[in-house]
Amino acid sequence: MRSALTRAASRLAGGVRWYVRELTDESAYDRYVAHVRRNHPEAEVPGRRDFERMRTDRQEADPRQGFRCC
(Lines give C-alpha, C1' and ligand atoms only; values in the text may rest on other atoms or scores of the structure.)
Protein backbone atom coordinates (compact mmCIF):
# COMPACT_ATOMS: atom_id res chain seq x y z
CA MET A 1 0.00 0.00 0.00
CA ARG A 2 2.76 2.42 0.94
CA SER A 3 4.62 1.93 -2.32
CA ALA A 4 1.43 2.63 -4.27
CA LEU A 5 0.99 5.87 -2.35
CA THR A 6 4.63 6.77 -2.96
CA ARG A 7 4.26 6.14 -6.69
CA ALA A 8 1.06 8.19 -6.84
CA ALA A 9 2.68 11.07 -4.96
CA SER A 10 5.70 10.90 -7.24
CA ARG A 11 3.50 11.01 -10.35
CA LEU A 12 1.53 13.92 -8.93
CA ALA A 13 4.72 15.84 -8.11
CA GLY A 14 6.06 15.17 -11.61
CA GLY A 15 2.84 16.41 -13.16
CA VAL A 16 2.85 19.57 -11.06
CA ARG A 17 6.51 20.18 -11.96
CA TRP A 18 5.77 19.75 -15.68
CA TYR A 19 2.76 22.09 -15.46
CA VAL A 20 4.67 24.84 -13.66
CA ARG A 21 7.61 24.59 -16.09
CA GLU A 22 5.25 24.91 -19.07
CA LEU A 23 3.24 27.70 -17.47
CA THR A 24 6.34 29.79 -16.71
CA ASP A 25 8.05 28.82 -20.01
CA GLU A 26 10.98 27.42 -18.05
CA SER A 27 11.06 24.51 -20.49
CA ALA A 28 11.71 26.76 -23.52
CA TYR A 29 15.45 26.11 -23.39
CA ASP A 30 14.94 22.34 -23.29
CA ARG A 31 12.66 22.53 -26.33
CA TYR A 32 15.19 24.75 -28.13
CA VAL A 33 18.07 22.34 -27.45
CA ALA A 34 16.00 19.41 -28.72
CA HIS A 35 15.10 21.39 -31.86
CA VAL A 36 18.71 22.35 -32.59
CA ARG A 37 20.00 18.82 -32.06
CA ARG A 38 17.24 17.32 -34.20
CA ASN A 39 17.23 19.80 -37.10
CA HIS A 40 20.77 21.22 -37.04
CA PRO A 41 23.03 18.49 -35.63
CA GLU A 42 26.20 20.24 -36.80
CA ALA A 43 25.33 23.52 -35.05
CA GLU A 44 26.72 24.42 -31.65
CA VAL A 45 24.07 24.62 -28.95
CA PRO A 46 24.30 27.90 -27.03
CA GLY A 47 24.35 27.89 -23.26
CA ARG A 48 21.26 28.77 -21.28
CA ARG A 49 22.47 32.32 -20.58
CA ASP A 50 23.10 32.97 -24.29
CA PHE A 51 19.71 31.48 -25.16
CA GLU A 52 17.92 33.73 -22.66
CA ARG A 53 19.77 36.78 -24.05
CA MET A 54 18.77 35.86 -27.63
CA ARG A 55 15.18 35.32 -26.54
CA THR A 56 15.01 38.63 -24.67
CA ASP A 57 16.57 40.53 -27.58
CA ARG A 58 14.10 38.94 -30.01
CA GLN A 59 11.12 39.81 -27.80
CA GLU A 60 12.23 43.41 -27.37
CA ALA A 61 12.82 43.84 -31.11
CA ASP A 62 9.35 42.56 -32.08
CA PRO A 63 6.55 45.03 -31.29
CA ARG A 64 3.98 42.21 -31.42
CA GLN A 65 5.57 40.70 -28.31
CA GLY A 66 4.49 43.63 -26.18
CA PHE A 67 6.87 45.81 -24.27
CA ARG A 68 8.95 45.74 -21.14
CA CYS A 69 8.32 48.49 -18.68
CA CYS A 70 11.43 48.01 -16.56
Side-chain angles (χ1 to χ4, degrees):
M1 179 72 172
R2 193 149 184 70
S3 64
L5 281 173
T6 303
R7 283 194 303 268
S10 178
R11 282 190 68 193
L12 179 63
V16 169
R17 181 178 181 272
W18 173 86
Y19 181 76
V20 170
R21 282 178 45 84
E22 291 296 322
L23 185 66
T24 61
D25 212 19
E26 179 70 23
S27 60
Y29 179 69
D30 298 334
R31 286 191 307 268
Y32 176 74
V33 169
H35 164 79
V36 169
R37 288 187 176 150
R38 181 177 53 251
N39 297 319
H40 311 284
E42 70 286 343
E44 184 177 332
V45 177
R48 185 173 193 99
R49 175 176 256 166
D50 294 331
F51 168 77
E52 292 297 340
R53 172 55 52 201
M54 289 184 325
R55 189 166 87 150
T56 301
D57 291 345
R58 186 177 59 242
Q59 287 174 343
E60 289 179 351
D62 188 355
R64 295 173 297 172
Q65 294 288 328
F67 64 92
R68 253 178 67 179
C69 66
C70 307

task = For E26, enumerate each residue passing the side chain to side chain donor-acceptor pair (under 3.5 Å) test, keeping only those at least two apart in sequence or located in another chain.
result =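 By the side chain to side chain donor-acceptor pair (under 3.5 Å) rule, E26 matches R48.
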message = Applying side chain to side chain donor-acceptor pair (under 3.5 Å), can you list everything that pairs with R21, at least two apart in sequence or on another chain?
response =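 Applying side chain to side chain donor-acceptor pair (under 3.5 Å) to R21 gives D30.
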R7: side chain to side chain contact (heavy atoms under 4.5 Å, CB included) partners, not counting sequence neighbours =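 Applying side chain to side chain contact (heavy atoms under 4.5 Å, CB included) to R7 gives S3, A4.
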task = Return the set of residues passing side chain to side chain contact (heavy atoms under 4.5 Å, CB included) with D57 (not counting sequence neighbours), or none when no residue passes.
result =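 So D57 forms a side chain to side chain contact (heavy atoms under 4.5 Å, CB included) with R53.
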query = With sequence neighbours excluded, what pairs up with D50 under the salt bridge (charged side-chain N to carboxylate O under 4.0 Å, His left out) test?
reply =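 Partners of D50 under the salt bridge (charged side-chain N to carboxylate O under 4.0 Å, His left out) test: none.
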key: Counterpart residues, salt bridge (charged side-chain N to carboxylate O under 4.0 Å, His left out), relative to R17 (two or more places apart)   =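 For R17 there are no salt bridge (charged side-chain N to carboxylate O under 4.0 Å, His left out) partners, ignoring immediate neighbours.
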All pairs passing side-chain hydrogen bond (donor to acceptor under 3.5 Å, both in side chains) where residues 36-47 contributes a residue, at least two apart =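 Only H35-N39 qualify under side-chain hydrogen bond (donor to acceptor under 3.5 Å, both in side chains).
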task = Would you check if D25 and R55 make a side-chain contact, meaning some heavy-atom pair closer than 4.5 Å?
result =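 In contact.
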key: Residues forming a ring-ring contact (aromatic ring centres under 6.0 Å, His included) with Y32, sequence neighbours excluded   =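 For Y32, the residues satisfying ring-ring contact (aromatic ring centres under 6.0 Å, His included) (neighbours in sequence not counted) are F51.
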ask   = Is it the case that one hydrophobic cluster holds both V33 and M54, taking links as side-chain heavy atoms less than 4.5 Å apart, direct or via other members?
value =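 Per the 4.5 Å side-chain linkage, V33 and M54 are co-clustered.
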ask   = Yes or no on side chain to side chain contact (heavy atoms under 4.5 Å, CB included) for V36 and R31, after CA distance, side-chain angles and deciding distance?
value = CA-CA 9 Å; V36 169; R31 286 191 307 268; over 6 Å; no
request  = Go through the steps to decide whether W18 and L23 satisfy the test side chain to side chain contact (heavy atoms under 4.5 Å, CB included), and finish with yes or no.
outcome  = CA-CA 9 Å; W18 173 86; L23 185 66; over 6 Å; no
ask   = Given a cutoff of under 4.5 Å between side-chain heavy atoms of I, L, V, M, F, W and Y, with clusters grown through shared members, what are the other residues clustered with V16?
value =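 Grouped by the 4.5 Å side-chain rule, L12, V20 form the rest of the cluster around V16.
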